[in-house]
Amino acid sequence: CMWVRSHGQKKTPPGPFPWPLVGNVMQLGQMPHLTFCKMAQKYGNVFQIRLGNHDIVVLNGESTIREALVKHSAEFAGRPKFTSFQVVSGGKSMAFGGYTDLWKVHKRIAHSTLRAFSTVNTDTTKLFEQHVVAETQDLITVFLQLSSNGQYFDPYHECTVAVANVICALCFGQRYSHDDKEFRALVGRNNKFGQTVGAGSLVDIMPWLQAFPNPVRSLYKSFKDLNQEFFDFVKDKISQHRQTYCPDVTRDMSDAFIGHIEHGPGAGDGLSKDYVEGTVTDLLGAGQDTNSSALSWIILLLIKYPNIQVKLQEEIDQIIGEERLPTAEDKVTLPYVQAFIYETLRYTSFVPVTIPHSTTSDVIIDGFYIPKDTVVFVNQWSVNHDEVKWTNPDVFEPGRFLDQNGQLDRDLAYGVMIFSLGKRRCIGDQLSMLKLFLFTSILLHQCSLHPHPGDQITMDCVNGLALKPLPYRISVVPRHASPNQN
Ligand code: HEM
């Protein structure tokens, strides 16, 4: 049944009938983004549900999401004051912080610093590329070791270490070996993070559950511990940096943040010293969870579609040859590799719903009135699986992104929504796209990947802020005589 609400004379979004106490929580299911797509068919692109104490507006479809996040960008730039958000990055998180003047300064510094260490110009891109290439080569060596004598292994943990190392190199000028136990434990616990802050997480929508000893409560406790442990790790690194800080030499992003926030022209902007730790923790967390999901989806799709794997290798062999590794500059000449990456982002939509937003003032969207401080879920999945926009959206077909000349159709590619839009758009977008390109092209240049013959390869996944594939096993075979020649 359609539950029609009104707010004085104003028309509020329709939606399913909210049951007392729980609202619509029982209807969400394991994959809320799929439920939202079904609800959107029934109620329209803007609808409202109730989860615990919160009325939540869900936005679907490209035009509605654009109208909200781009046209009304400031009105939709808030974050809800959820309990779980307050424990992230020592309470000084940019990603989870509310939309204030201080936040604008914080985001600007985080964004410009990240760019300065990755893709701002050709020199920094080269340096960044060296880190990614080194990690990918190391990852390949580990993959080959784990495949020795035809063994099979789950690549997930190795992927998380490789990804974390790239970010750690940028933040601290330091990387860790794949068998460093402490580091593995630290980065390997990210799933719980995403499960608690993802849309539809019970911890926030029904805070009273925290009063009872139950699985939700223990998830929240381990979420708090995980954040504390992560934050302490960063705090320790930053304090070492402070002790050896020298204004003339910026060794890494930690130095850059110390410079900006504590010594530079930005020192008077109101960001206290502990925002340095907060920002670095944000970058490590945000970059890691998402990029490791991306890599594990890429590998899964390569073994699920061996013909596509071969086609990618043919393109790489033809353009690059055996003598050298693919580089960032090869991007334009490898359109099928790019198409494969865009199709992976579209098809998996592994960040199906963004971090929850909230409205910063009353606003009208598609004719519906949404009051200030309403929690808003942005369903990116609905854009990437829209049947009007994509032919057979539920089929994995990289070729859809190539034009008649076999070149990447940029307009179509930019129509994939995975980094969100507007004031809360991801700041790691360019860096991630470059990283995924280098990883995919180098991996396939150097080796072939095979699934365990006894395993069924499914697209089933574990839900959280980022969707992750269920564990799977691969074996990796070198393609050339000397796998890591450069
Ligand atoms: C936010 C996606 C990689 C840093 C976000 C959001 C999404 C997203 C959907 C939420 C936007 C919203 O709430 O509307 C992704 C994907 C990635 C990726 C798909 C990889 C393929 C990274 C990396 C970094 C990063 C590598 C940093 C090193 C951030 C930060 C925010 C954010 C700081 C918070 C922005 C804000 O609240 O204003 N990302 N991300 N992300 N991401 Fe990423």
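Computed from a predicted model, the values in this text were never measured in an experiment. Just the heavy atoms: all of them, side chains too, but no hydrogens, waters or symmetry mates, feed the values below. Whatever order the structure lists them in is the order used to number ligands and atoms, beginning at 1.
Protein atoms of type N, O or S found under 2.8 Å from atom 43 (Fe) of ligand 1 total 1.
Proximity of a side-chain donor or acceptor of T124 to a complementary backbone N or O of F117 within less than 3.5 Å is not detected.
Under a 4.0 Å N-O distance rule, the pair E277/K92 does not qualify as a salt bridge. A salt bridge links D289 with K468: at least one charged nitrogen is closer than 4.0 Å to a carboxylate oxygen.
The S420 neighbourhood of ligand 1 comprises atoms 11 (C), 12 (C), 14 (O), with distances under 4.0 Å to a heavy atom of that residue. When each atom of ligand 1 is checked for a heavy atom of H357 under 4.0 Å away, the hits are 12 (C), 13 (O), 14 (O). Of all atoms in ligand 1, listed by their number and element, those nearer than 4.0 Å to a heavy atom of L431 are 26 (C). Near T354, meaning under 4.0 Å from one of its heavy atoms, ligand 1 places the atoms 12 (C), 13 (O), 14 (O).
For F96, the closest heavy-atom approach to ligand 1 does not fall below 4.0 Å. Ligand 1 is approached by Q380 to a heavy-atom distance shorter than 4.0 Å. Within the structure, ligand 1 has I418 among the residues with a heavy atom less than 4.0 angstrom away. In this structure, W103 is part of the shell of residues with a heavy atom less than 4.0 angstrom from ligand 1. Ligand 1 lies within reach of R79, whose nearest heavy atom is under 4.0 Å from it.
Contacts between D282 and ligand 1 below 4.0 angstrom, taking non-hydrogen atoms only, are absent altogether. Here I167 has side-chain heavy atoms under 4.0 Å from ligand 1, and that is the only part of it that gets that close.
With 3.5 Å as the limit, one finds no donor-acceptor pair spanning the side chains of D255 and T250.
If you check which protein heavy atom lies closest to atom 11 (C) of ligand 1, you get R424 O, 3.1 Å. The single protein non-hydrogen atom nearest to atom 20 (C) of ligand 1 is N291 OD1, 3.3 Å, given as residue, atom name and distance. Given atom 27 (C) of ligand 1, the protein heavy atom at minimum distance is L114 CD2, 3.8 Å. If you check which protein heavy atom lies closest to atom 38 (O) of ligand 1, you get K107 NZ, 2.7 Å.
Between V161 and E135, the closest side-chain pair of non-hydrogen atoms is not below 4.5 Å. Inter-residue side-chain proximity for Q380 and S349 is flagged as unmet; no heavy-atom pair is nearer than 4.5 Å.
K331 NZ: more than 12 foreign heavy atoms inside a 6.0 Å radius.
Here the CZ atom belonging to F47 is positioned 11.0 Å from the OG1 atom belonging to T64, to the nearest 0.5 angstrom.
Aromatic ring centres of F82 and H54: separated by under 6.0 Å.
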From CA spacing to verdict: side chain to side chain contact (heavy atoms under 4.5 Å, CB included), K435, I167:
CA-CA 11 Å; K435 205 197 268 185; I167 308 275; 4.1 Å; yes
Output, in order, the C-alpha distance, side-chain angles, deciding distance and verdict of salt bridge (Lys or Arg N to Asp or Glu O under 4.0 Å) for D123 and K126.
CA-CA 5 Å; D123 288 345; K126 269 269 158 277; over 6 Å; no
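Because its NZ or CZ atom is not both nearer than 6.0 Å to the ring centre of F85 and within 45° of the ring axis, K81 does not count as a cation-pi partner of that residue.
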Taking distance alone, no hydrogens or angles, what donor-acceptor pairs closer than 3.5 Å link side-chain atoms of residues 370-377 to residues at least two apart or in another chain?
from, atom 1, to, atom 2, distance (Å)
T374, OG1, P371, O, 2.6

